[in-house]
Amino acid sequence: MNLEELSGLPPGAVSHFQAEGIESLYPPQAEAVEAGATDGDSLVAAVPTASGKTMIAALAMLSAIERGGKALYIVPLRALASEKKAEFEAYEEFGVSVGVTTGNYESTDDWLATRDIVVATSEKVDSLVRNGADWLSELTCVVSDEVHLIDDRNRGPTLEVTLAKLRALNPALQVVALSATVGNAGEIADWLDAELVASDWRPIDLQMGVHYGNAISFDDGGKREVPVDGSESQEDALVRDIVAEDASALVFVNSRRNAEAAARRLANVVAPELDADEQEALEELADDIRDVSDSETSTDLAAAVEKGAAFHHAGLASEHRSLVEDAFRDRLLKVISATPTLAAGVNTPARRVIVRDWRRFDPTAGGMAPLDVLEVHQMMGRAGRPGLDPYGEAVLLAKSHDEQDELFDRYIWADAEDVRSKLAAEPALRTHVLATIASGFARTRDGLLSFMNETLYASQTTERGRLESVTDTVLDYLERNDFIEREGGNSSTSQSAADDPFTSAADLAAEADRDVELRATNLGHTVSRLYLDPMSAAEIVHGLESADARPTAMGLYQLIARTPDMYELYLRSGEDDKYGQLYYELEDELLGDRPSEYEDDRFEDWLAALKTGALLKDWADEMDEDRLTERYSIGPGDLRGKVETAEWLLGAAETLAAEIESDWSVAVREARARVEHGVREELLELVGVRGVGRKRARQLYQVGIETPADLRTVDKGVVLGALRGTKTAENILENAGREDPSMDGVTPVDVDHGATQRGTDGGTTGSASEHIGSGGEADADEENQSSLGDF
DNA sequence: ACGACACGCTTTTAGACAGCATGTC
DNA sequence: CTAAAAGCGTGTCGT
């Protein structure tokens, strides 16, 4: 289909696409248009990665806007939100405005209301629904990208419920669901009352194969010799082979450590192929990477990058990730070895994709479990850059002939699994039942059940009573914790589900007047708006209420670390003793009911939370990033993730404290501020000055500058002596509101901060770190604020 | 007495959304 | 119910 045949798009859109070199639609895109994408009809597009799904969405959104409507594009990851925003911003050329909103990205409601296209994560959309954003009812087109993630145990239910709510808000809503090729796309289409567009078509040829011995055997029967020299690994040979063709490769492995080890080896494979210009550019990139963080991860990554290779996993800081992704897209980096993060993330295609490991450790399976077909297909789908590569190659690795056959059967010739709703899991329902009641979507038990009946779960399940009985369990839980109130009906535990699992909707409706009325309490409303898991909120509320003295920072950190919203650190072997001991030392500081040591699992969790809390405490005690990452064996990305989550949860805890009129909101606020800036109490004031972070604040404090007021009055030479750089010092003085911040003619004054200056009680970061480095046998108790690691 | 090395037992193992109000070294 | 590589401690042998 030719672009000019399209009607209903904003003027200028067609010529815009033509200017980008698009003249005609790909077959699946044309099919989508025939199915009514530009006429406001709903559809599910189940097509391979990189076969122009975004264009289908764009056509639907643009035509909806042209009809005077408004579109929402739902993405699964924040990184994808910015990627899509950048893509859609090109439409501003013909007058279509775009806005993004995610948890950490700008978002004023009224601003979003003026945008034609809004890009948001599913959780953010859920949150907007809960907070009653008015403009949501003006939506005429909603795109759900990667809709197959409804299958995800943790985040799938949010997407599912959010789509159901958006449809309930506006029954005429056009829903465009973009999915990978899954087993039951038709079922999803039925659920959404949408047309199904399914296709295997790809813009460039994808050859899938298995490498065994000295050759790759492809699915089309072809073969390609790729000999393995001596002791090198299969992936080394495959990478060397493709880099020699001046193309790039992506290697998927099953653990972070493997990704790092592979990058180290591949760097040596790739390095000989680099020219002088590339080497220079790579040096620069390596410097940028080292600037991001001082950790070992950062150094290792930089070392690999200097030789044209990189690793990629969630332990990387997000700046690391984007530096690596961009350089790979620019063909500067020749190979990335990655964990599955990369397959789900932003677009990073390569000529050759090597899926090295097809089994991964899975504790629920009790050992190594094979990857899902869908997952492997997603990885393989990254092969081939449209317009740049003549074809794409996806290669699995086999160590035996039998394995080769198995891989063909299991992945290459296999269809992806079905998408199954995970909504009936209790943790998911806890959250969504409360939100549904609090935001007024359901006012009675009956109304709640009929809303639930509009979800994919209801359309998939054959057990009629299951959802109903779990819902009742959840309602009991919410009522017990004072998040909702029930009135009328038989408000004790409802047993109607058990009475007759085949009760029809009509029967239920007939009982409506006897039905229980549901109302969220103020606390319940707050919890829903804060986007907390009700169980987290209950834990926090209970913890705060049980404190009879001002809670310590450590107590609060452990409290939030044991909520289900915080992903706890894993307790290594031997650490149960270590943290068990810390537990006895800190027993009085910890909040809420502690589990008995005989409840093994709960006690383990408690200690794991203690470890997470200790990490936060060390961070707030100004421990250096590289020490933290080493001590807790985590990457810089994990550290920042934990800190961010802690900030969010403590912010929520502060609101909850106000709601329950707890005496401890000040303590919570202070603990949050310390985590936010990573500083001890005495630096909190200084850190409020723009341009002053944890490091500079400590430097200033050491020369006797303790408050912003000191910055305004102290001798400028002292400031200059503490901070390196005239420019920085001037900026900081200006931000502190000093009359005359100029450093002209000021000479640095060196204050002797080794000796007992005033206020050295906290000790310096340096000296604190030294104790840690020496393994804790040092005189840790000399400093009353010494690091937790010294116990 | 001391160190290099081999062997075997133990340990470890992917990912990442959200409130609110503004800015690191 | 399933794996594999790195880390660690012990034992052996050679100097």
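Quick note: numbers below take in every heavy atom, side chains included, and nothing from hydrogens, waters or symmetry partners. Reminder, nothing fancy here: chain letters follow the sequence lines and each chain counts from 1.
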Asn735(A) (side chain) donor-acceptor with Arg690(A) (main chain) under 3.5 angstrom:
yes
For [X] and [N], give me the distance from atom [atom1] to atom [atom2], rounded to whole Å.
{"X": "Arg529(A)", "N": "dA21(B)", "atom1": "CZ", "atom2": "P", "value": "12 Å"}
{"X": "Leu700(A)", "N": "dT24(B)", "atom1": "CG", "atom2": "C1'", "value": "14 Å"}
{"X": "Leu639(A)", "N": "dT24(B)", "atom1": "CG", "atom2": "C1'", "value": "14 Å"}
{"X": "His432(A)", "N": "dC17(B)", "atom1": "NE2", "atom2": "P", "value": "15 Å"}
{"X": "Glu403(A)", "N": "dA3(C)", "atom1": "CD", "atom2": "P", "value": "12 Å"}
{"X": "Glu676(A)", "N": "dG19(B)", "atom1": "CD", "atom2": "P", "value": "15 Å"}
{"X": "Asn258(A)", "N": "dA3(C)", "atom1": "CG", "atom2": "P", "value": "16 Å"}
{"X": "Glu644(A)", "N": "dA18(B)", "atom1": "CD", "atom2": "C1'", "value": "9 Å"}

Within the pair [X] and [N], is there a side-chain N or O less than 4.0 Å away from OP1 or OP2?
{"X": "Thr102(A)", "N": "dC17(B)", "answer": "no"}
{"X": "Thr645(A)", "N": "dC17(B)", "answer": "no"}
{"X": "Arg690(A)", "N": "dG23(B)", "answer": "yes"}

Under 4.0 Å, counting only non-hydrogen atoms across every strand here, what does Gly637(A) touch: a base, just sugar-phosphate, or nothing?
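If one applies the 4.0 Å heavy-atom cut-off, Gly637(A) turns out to touch nothing in the nucleic acid.
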For Gly651(A), report the nucleic acid contact type (base, sugar-phosphate, nothing); a contact means any heavy atom under 4.0 Å.
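Contact class for Gly651(A): base.
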Just to verify, what does Glu539(A) make a side-chain hydrogen bond (donor to acceptor under 3.5 Å, both in side chains) with, not counting sequence neighbours?
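side-chain hydrogen bond (donor to acceptor under 3.5 Å, both in side chains) check on Glu539(A) returns Arg562(A).
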Looking at residues at least two apart in the chain, or sitting in another chain, which of them share a side-chain hydrogen bond (donor to acceptor under 3.5 Å, both in side chains) with Glu426(A)?
none
Answer yes or no on whether Lys165(A) is positioned over the face of Phe441(A), meaning its NZ or CZ is under 6.0 Å from the six-membered ring centre and within 45° of the axis.
yes
Just checking, Arg694(A) and Trp619(A): is the charged tip under 6.0 Å from the six-membered ring centre and within 45° of the axis?
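Yes; both conditions hold, so Arg694(A) lies above the ring face of Trp619(A).
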Which residues satisfy the salt bridge (Lys or Arg N to Asp or Glu O under 4.0 Å) test with Asp576(A), sequence neighbours excluded?
none
With sequence neighbours left out, what residues match Arg696(A) under salt bridge (Lys or Arg N to Asp or Glu O under 4.0 Å)?
none
Using C1' atoms of five pairs at each end, report the bend of the helix from dA1(B)-dT15(C) to dT13(B)-dA3(C) rounded to 10 degrees.
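Nearest ten degrees gives 0° for this helix.
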Quote, to the nearest angstrom, the [atom1] distance that separates [N] from [M].
{"N": "dG19(B)", "M": "dC1(C)", "atom1": "P", "value": "42 Å"}
{"N": "dT2(C)", "M": "dC17(B)", "atom1": "C1'", "value": "32 Å"}
{"N": "dA3(C)", "M": "dA16(B)", "atom1": "P", "value": "28 Å"}

Across all strands, who's sitting opposite dT22(B) as a Watson-Crick or G-U wobble pair, both distances under 3.5 Å?
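Its partner: none found.
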Identify, with sequence neighbours excluded, every residue that meets side-chain contact (heavy atoms from CB on, under 4.5 Å) alongside [X].
{"X": "Ala369(A)", "value": "Asp362(A), Ala365(A)"}
{"X": "Arg410(A)", "value": "Trp358(A), Pro370(A), Glu406(A)"}
{"X": "Ala286(A)", "value": "Arg290(A), Ala302(A), Val305(A), Glu306(A)"}

Return the 5'-most residue of the pair Val689(A), Leu530(A) with respect to DNA chain B, ranking by each residue's nearest nucleotide.
Leu530(A)
In B/S/- notation (B base, S sugar-phosphate only, - none; protein heavy atoms under 4.0 Å), nucleotides 8-16 of chain B written 5' to 3' is ---SSBBBB
